[in-house]
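For reference, the structure discussed in these notes is given below.
Every number for a ligand or one of its atoms is a count from 1 in the order of the listing.
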Amino acid sequence: MPSDLVHLYMRIDHLPQMWCPGCGNGVIMRDVAQAIDELINDPDERFTREDFVIVSGIGCSSRAAGYLDFNSIHTTHGRAIAFATGIKLANPKLHVIVLTGDGDCSAIGGNHLIHAARRNVGLTVIVFNNDIYGMTGGQYSPTTPTGDLATTAPYGNLDRPFDIAQLAAGAGASFTARGDVFHARETTEIIKQAICHHGFSLVDVYSVCPTYYGRKNKKGDAVEMLKWQQANLIPGARFETMSQEDRQGKKPIGVLTHNDYPEYTDEYLKLIDACRKKGRK
Ligand code: SF4
């Protein structure tokens, strides 16, 4: 992370961070800090630092809520979206950003994810998606590709993986997007759009875990894993120009769905207002 961002937005007394060398989590944390910094300094936007709340669950990724020096809360496993929903309902003016992992949000917290998406609660969920449970020792997660190895799948994972952005879109999320660690600049822009969206937004950011997922599956070191992202995760505009044959095995990054559904806390406040006018408590 550039030193100006570190000094502006990180809790220096929490450093050095605990992530392994080559881990993608630091890049995603930097993207989030950069996105917030650019929004705060954009004269056309009206963000202040105090508007932001960072909420995380449990896992390697969720340490980011401790490192980032905002109003922040490090919650329990899978429950970050539930805590974030409570904060948003208590003070709808806040921009509540959830930092979570693939296991945290789509396994243990899967129900919270789909129902927050369905309700269109105005949260921004940033998924640090490394295809595995890192902190607890390399168990397979809902995004581990079929056939890949994990400590709990020593002969290969039988399950078909979730595409978390598609899962959220299918549950009714009004804004979904995909980013990755290699395309950091593009991912920062996507995160800015997600934060500015009025409604539930989710950015599924493909990370790299060279320690567990990479080593178990012979993906090479962090540089090799980033080269894979460069070759296979393609910015949306370029993806559109590719033939069906060239698209095989590749995925687009960028905004995937963008709809203007009524935002949940707006509707909640309208309901309270209507009840008060009718004299109900
Ligand atoms: Fe990153 Fe994986 Fe190490 Fe966790 S185990 S810090 S996800 S490289």
Review point. In terms of side-chain geometry, is the basic nitrogen of Glu38 or Arg185 positioned less than 4.0 Å from the acidic oxygen of its partner?
Key: yes
Practice item. Check ligand 1 against Cys23 and write out every atom of the ligand that is under 4.0 Å from a heavy-atom position of the residue. Key: 1 (Fe), 6 (S), 7 (S), 8 (S)
Review point. Taking the six-membered ring where the residue is Trp, are the ring centres of Trp19 and Phe128 under 6.0 Å apart?
Key: no
Review point. Name the one of Ile73, Val53, Val98 that satisfies side-chain contact (heavy atoms from CB on, under 4.5 Å) with Phe83?
Key: Ile73
Point to revise | Note: Lys270-Asp266 ion pair, threshold 4.0 Å (strictly below) | key: no
Point to revise | Backbone or side-chain N/O/S of Cys209 under 2.8 Å of atom 4 (Fe) of ligand 1 | key: no
Check your understanding: Any idea which atoms of ligand 1 are less than 4.0 Å away from a heavy-atom of Asn130?
Key -> 7 (S)
Check your understanding: Do Phe175 and Phe200 have ring centres separated by under 6.0 Å?
Key -> no
Review point. Under a 4.0 Å N-O cut-off, is there an ion pair linking Asp163 with Arg178?
Key: yes
Practice item. Pull out every atom of ligand 1 sitting under 4.0 Å from any heavy atom of Pro210, numbered as shown with elements. Key: 8 (S)
Revision key, fill the gap. shortest atom 4 (Fe) of ligand 1-to-protein heavy-atom contact is with Cys60 SG, 2.4 Å
Exercise for review: Would you mind telling me if ligand 1 is within reach of the side chain of Cys20, the backbone, both or neither, using heavy atoms under 4.0 Å?
Suggested key: both
**Study point:** ligand 1 atoms in contact with Trp19 (distance to a heavy atom under 4.0 Å)
**Key:** 6 (S)
Check your understanding: What part of Tyr212 sits under 4.0 Å from ligand 1 if we count only heavy atoms: the side chain, the backbone, both or neither?
Key -> side chain
